[in-house]
Amino acid sequence: MRKPLVVALCALALAGAGATPAAAAAPSPTGADTATGAVPATSLTDVVDDTVGSAADALSGLLAPKAAAVDFAGTVSLSNCSGSVVRMPGSEADDPALVLTNGHCLESGFPAPGQVLVDRASSRSFGLLNSAGTRVATLRANRLVYATMTDTDAAIYRLGTTYAQIKSSYGIDALTLSATRPAAGTAISVVSGYWKRIYSCSVDGFAYRMKEGDWTWKDSVRYTAACDTIGGTSGSPVVDDATGRVVAVNNTGNEDGERCTVNNPCEVDERGTVTVRRGINYAQQTYLFPACFGADNRLVLSASGCAVPKP
């Protein structure tokens with residue numbers, strides 16, 4: 001989980017240009033955003049980073065025309081985290097749109113280990129960004145469809161507007177969730193709507209189990225070191241550069257080299273061996289979700305192939 005934004009900002013100030021692992025304005029597991037009421041902040045390096053990132057993306061598009069250009073279109077900013085408007089591979093234009101972020105980014109605080117929240121009332125608001133990272137609208141949820149920090153760290157909200165309405169009003173398409181597990185070596189971009197910053201790296205590998213405080217996550221994506229995400233990036237979509245599809249949701253990183261504590265997740269392999277990777281960041285895979293959504297973007301936990309944690 002990512003540490004609270006306020007704490008992250010202090011760390012940035014002390015370290016100069018240094019960055020701690022990722023959560024939003026105050027996420028902790030950037031693990032987790034350990035504080036649930038963090039205050040948003042700004043980074044002096046954001047403008048430069050955004051400019052460099054945009055230039056790199058443009059150059060990548062020229063050198064590899066078949067690769068999808070990754071930008072901010074469809075990403076959102078939350079009060080304390082990042083997120084994105086997403087669709088399932090089978091979603092229709094007139095379906096109510098969905099927003100993906102982390103379970104630890106919930107306005108109500110972190111779900112307890114073993115807790116799965118389904119179909120709860122919500123009026124959460126999200127700042128919708130265009131391709132340049134400019135906020136063009138405020139979207140509002142009417143339901144929290146699903147949220148948990150057990151096995152994964154994800155929350156999905158349902159909006160009161162459809163994909164077609166968002167496209168018609170703002171010219172922005174939702175990001176599509178991939179139904180396929182990513183592979184090691186895949187080039188990815190972590191797109192933070194909160195910070196308006198894109199981190200580019202690759203999938204370094206996978207953690208069989210990852211423990212952070214009281215929570216355990218399965219088959220987590222481990223980034224190569226270039227994705228040095230910071231607090232406030234929690235909930236950012238992790239995009240496969242070649243397909244443009246979302247393969248994971250950014251959620252945590254080991255900030256201090258501690259073992260299995262909040263903001264310091266550790267990896268545990270099949271034999272129980274614990275590995276600590278200071279400064280390395282992680283995400284939770286999202287390919288399991290498409291099998292759990294049916295017509296009209298309805299959550300169907302009883303559907304064949306739906307393997308996400310259930311209440």
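Between the side chain of T148 and the main chain of Q115, a donor-acceptor pair closer than 3.5 Å is present. Proximity of a side-chain donor or acceptor of S91 to a complementary backbone N or O of M88 within less than 3.5 Å is detected. Panel note: side chain S168, backbone A164; no donor-acceptor pair is recorded below 3.5 Å. Of the possible donor and acceptor atoms, one in the side chain of T150 sits under 3.5 Å from a partner among the backbone N and O of G114.
The two residues G74 and L128 have their closest heavy-atom pair at CA-CD1, 4.2 Å. Shown here for N254 and R278, the closest heavy-atom pair between the two residues is OD1-CA, 3.5 Å. When all heavy atoms of A226 and S200 are compared, the closest pair comes out as CB-O, 3.5 Å. The two residues R140 and S125 make their nearest non-hydrogen contact at NH1-CB, 3.8 Å. The nearest pair of heavy atoms linking P237 to T75 is CG-CG2, 4.1 Å. Scanning both residues, S79 and Y194, for their nearest heavy atoms gives O-CE1, 3.8 Å.
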task: Test side chain to side chain donor-acceptor pair (under 3.5 Å) on E258 and T261 and set out the steps.
output: CA-CA 6 Å; E258 294 180 6; T261 62; 2.9 Å; yes
field: Trace of the side-chain contact (heavy atoms from CB on, under 4.5 Å) decision for L117 with L106
entry: CA-CA 11 Å; L117 305 176; L106 293 184; 3.6 Å; yes
task: Start with the C-alpha distance between N102 and S234, add both sets of side-chain angles, then the distance that settles side-chain contact (heavy atoms from CB on, under 4.5 Å), and finish with yes or no.
output: CA-CA 6 Å; N102 284 147; S234 286; 3.3 Å; yes
- prompt: side chain to side chain donor-acceptor pair (under 3.5 Å) between D241 and S189: does it pass, once the steps are laid out?
  reply: CA-CA 6 Å; D241 290 349; S189 294; 2.7 Å; yes
task: Under the side chain to side chain donor-acceptor pair (under 3.5 Å) rule, what do S178 and R181 come out as? Steps first, then yes or no, please.
output: CA-CA 8 Å; S178 173; R181 186 177 185 274; over 6 Å; no
- request: Evaluate side chain to side chain donor-acceptor pair (under 3.5 Å) for T224 paired with D204, printing each intermediate quantity in order.
  value: CA-CA 5 Å; T224 52; D204 183 56; over 6 Å; no
field: Chi angles and distances behind the side-chain contact (heavy atoms from CB on, under 4.5 Å) call for V247, T186
entry: CA-CA 10 Å; V247 295; T186 298; 5.9 Å; no
- prompt: Which is it for V221 and V238 under the side-chain contact (heavy atoms from CB on, under 4.5 Å) test, yes or no, and what are the steps along the way?
  reply: CA-CA 10 Å; V221 172; V238 179; 5.7 Å; no
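In the hydrophobic clustering of ILVMFWY residues, with side-chain heavy atoms under 4.5 Å counting as a link, Y208 and I280 come out apart. Linking ILVMFWY residues whenever their side-chain heavy atoms come closer than 4.5 Å, directly or via other members, leaves V268 and M149 in distinct clusters. Following chains of ILVMFWY side-chain contacts shorter than 4.5 Å, one can reach L98 starting from V118, so the two form part of one hydrophobic cluster. The hydrophobic clustering, which links ILVMFWY residues whose side-chain heavy atoms are closer than 4.5 Å, places V276 and W215 apart.
Ion pair R271/D269 flagged as a salt bridge, since at least one NZ, NE, NH1 or NH2 atom sits closer than 4.0 Å to an Asp/Glu carboxylate oxygen. The pair K218-D151 meets the salt-bridge criterion, with a side-chain N (NZ, NE, NH1 or NH2) lying under 4.0 Å from an Asp/Glu carboxylate O. Under the 4.0 Å criterion applied to side-chain N and carboxylate O atoms, R143 and D119 are assigned as salt-bridge partners. Using a 4.0 Å cut-off between charged side-chain N and carboxylate O, E267 and R277 make a salt bridge.
The CG atom of L159 lies 12.0 Å from the CZ atom of R124; values are rounded to the nearest 0.5 Å. For the atom pair CD1 (I172) and OH (Y163), the distance works out to 14.0 Å, reported to the nearest 0.5 Å. Separating the NZ atom in K167 from the OG1 atom in T161 is a distance of 14.5 Å, to the nearest 0.5 Å. Note that the CG atom of D296 and the OG1 atom of T162 stand 11.5 Å from one another [nearest 0.5 Å]. Taken from CG in N281 to CD1 in I230, the straight-line distance is 10.5 Å, to the nearest 0.5 Å. Considering CG of D173 and OG of S131, their distance stands at 11.5 Å, rounded to 0.5 Å.
Side-chain atoms of L177 and V246, non-hydrogen and from C-beta on, do get closer than 4.5 Å to each other. With contacts defined as side-chain heavy-atom distances shorter than 4.5 Å, the pair R120/S108 does not qualify. Within the 4.5 Å cutoff, the side chain of Y157 has heavy atoms near those of the F126 side chain. Taking the side chain as every heavy atom from C-beta outward, R87 and D95 never approach each other to under 4.5 Å. Taking 4.5 Å as the limit, every side-chain heavy atom of V203 sits out of range of all side-chain heavy atoms of Y223. Considering only heavy atoms from C-beta on, T233 comes within 4.5 Å of Y199 through its side chain. With a 4.5 Å cut-off on side-chain heavy atoms, E212 and C266 do not count as touching. Between Y170 and N130, every side-chain heavy-atom pair lies at or beyond the 4.5 Å cut-off.
Donor-acceptor pairing under 3.5 Å is lacking for the side chains of N264 and R259. A side-chain donor from one of E107 and S122 sits under 3.5 Å from a side-chain acceptor of the other.
If you run side-chain contact (heavy atoms from CB on, under 4.5 Å) between S220 and each of M210, Q285, R209, only M210 comes through.
For Y282 and W217, the gap between ring centers reaches or exceeds 6.0 Å.
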